[in-house]
Amino acid sequence: QVQLVESGGGLVQAGGSLRLSCAASGGGFGDYGMGWFRQAPGKEREFVAVIRWGGGMIYYADSVKGRFTLSRDNAQNTVYLQMNSLKPEDTAVYYCAIARGPIATRSPSLYNYWGQGTQVTVSS
């Protein structure tokens, strides 16, 4: 059974940094896409970044480009989201998810497995 466990969220002041981790277990993920999404209260879940396990392709939402960096450790089946220069508008619950196949997609509907989420709060 595939499981995703996020960690690393917390409270940080604007301009600060956090690193989120997503540990995956229970499957061979091949070249599947691994994405990060976030959801703020009263808003829809939005795409943040995505990477394929096989590497090479990383995409970011325009709102985080230049501030967030996605990386992976295949040996540990873990994906990291380094978040720098955080802003209050980055406040949300952050989720990692595994896509249905070897795709790097921004659409939440194309992801099969989701973690429980980790809260990120950025104070002004």
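The structure presented is a predicted model; accordingly, all values stated were derived computationally and were not measured. In what follows, every heavy atom counts, from backbone to side chain, and hydrogens, waters and symmetry copies are set aside.
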> What heavy-atom pair brings Ile51 and Arg72 nearest, and what distance separates the two atoms?
Replying inline: CD1-CD, 3.8 Å
>> If you count heavy atoms of other groups shown closer than 6.0 angstrom to OH of Tyr60, is the number above 12?
In response: yes
>> If you compare all heavy atoms of Phe37 against all heavy atoms of Pro108, which two are closest, and at what distance to 0.1 Å?
In response: CE2-CG, 3.6 Å
>> If I compare all heavy atoms of Leu4 with all of Gln116, which pair ends up nearest, and what's the gap?
In response: O-OE1, 3.5 Å
>> Between Lys65 and Asp62 (salt bridge meaning N to carboxylate O under 4.0 Å), is one present in this structure?
In response: yes
>> For a side-chain hydrogen bond (donor to acceptor under 3.5 Å, both in side chains) check, start with the C-alpha distance between Asp73 and Thr78, then their side-chain angles and the critical distance, and finish with the verdict.
In response: CA-CA 5 Å; Asp73 181 337; Thr78 300; over 6 Å; no
> CZ of Arg38 to CG of Leu20: how many Å apart, nearest 0.5 Å?
Replying inline: 11.0 Å
> Would you say Val64 and Trp36 make side-chain contact, with heavy atoms under 4.5 Å?
Replying inline: no
> Between Val93 and Thr118, does a side-chain contact (heavy atoms from CB on, under 4.5 Å) hold up when you go through it step by step?
Replying inline: CA-CA 5 Å; Val93 178; Thr118 185; 6.0 Å; no
> At what distance, to the nearest 0.5 angstrom, does OG of Ser25 lie from CD of Gln76?
Replying inline: 12.5 Å
> Parallel, tilted or perpendicular: which describes the rings of Trp114 and Tyr95, with under 30° parallel and over 60° perpendicular?
Replying inline: perpendicular
> Do side-chain atoms of Tyr94 reach the backbone of Glu6 as a donor and acceptor pair under 3.5 angstrom?
Replying inline: no
> What closest approach, in Å, do Val120 and Gly9 show between heavy atoms, and which atom pair accounts for it?
Replying inline: CG2-CA, 4.1 Å
> Taking atom types as modelled, is there a side-chain donor on Arg19 or Tyr80 under 3.5 Å from an acceptor on the other?
Replying inline: no
>> Within the 3.5 Å criterion, strictly below it, is a donor on Thr91 or Glu89 matched to an acceptor on the partner's side chain?
In response: no
>> Pairing donors with acceptors under 3.5 angstrom, does anything connect the side chains of Ser107 and Ser109?
In response: yes
> Does any non-hydrogen side-chain atom of Leu86 lie less than 4.5 Å from one of Leu18?
Replying inline: yes
> Between atom SG of Cys22 and atom CD1 of Ile98, what is the distance when rounded to the nearest 0.5 Å?
Replying inline: 7.0 Å
> So how far is it from Met34 CE to Tyr111 OH, rounded to the nearest 0.5 Å?
Replying inline: 9.5 Å
> So Arg67 and Lys87, side-chain contact (heavy atoms from CB on, under 4.5 Å) or not? Walk me through it.
Replying inline: CA-CA 10 Å; Arg67 300 188 298 122; Lys87 304 175 181 180; 3.8 Å; yes
> What is the minimum heavy-atom distance between Ser124 and Ala14, and which atoms define it?
Replying inline: CA-CB, 4.4 Å
> What is the distance from atom CZ of Phe68 to atom CG of Leu81, rounded to the nearest 0.5 Å?
Replying inline: 6.0 Å
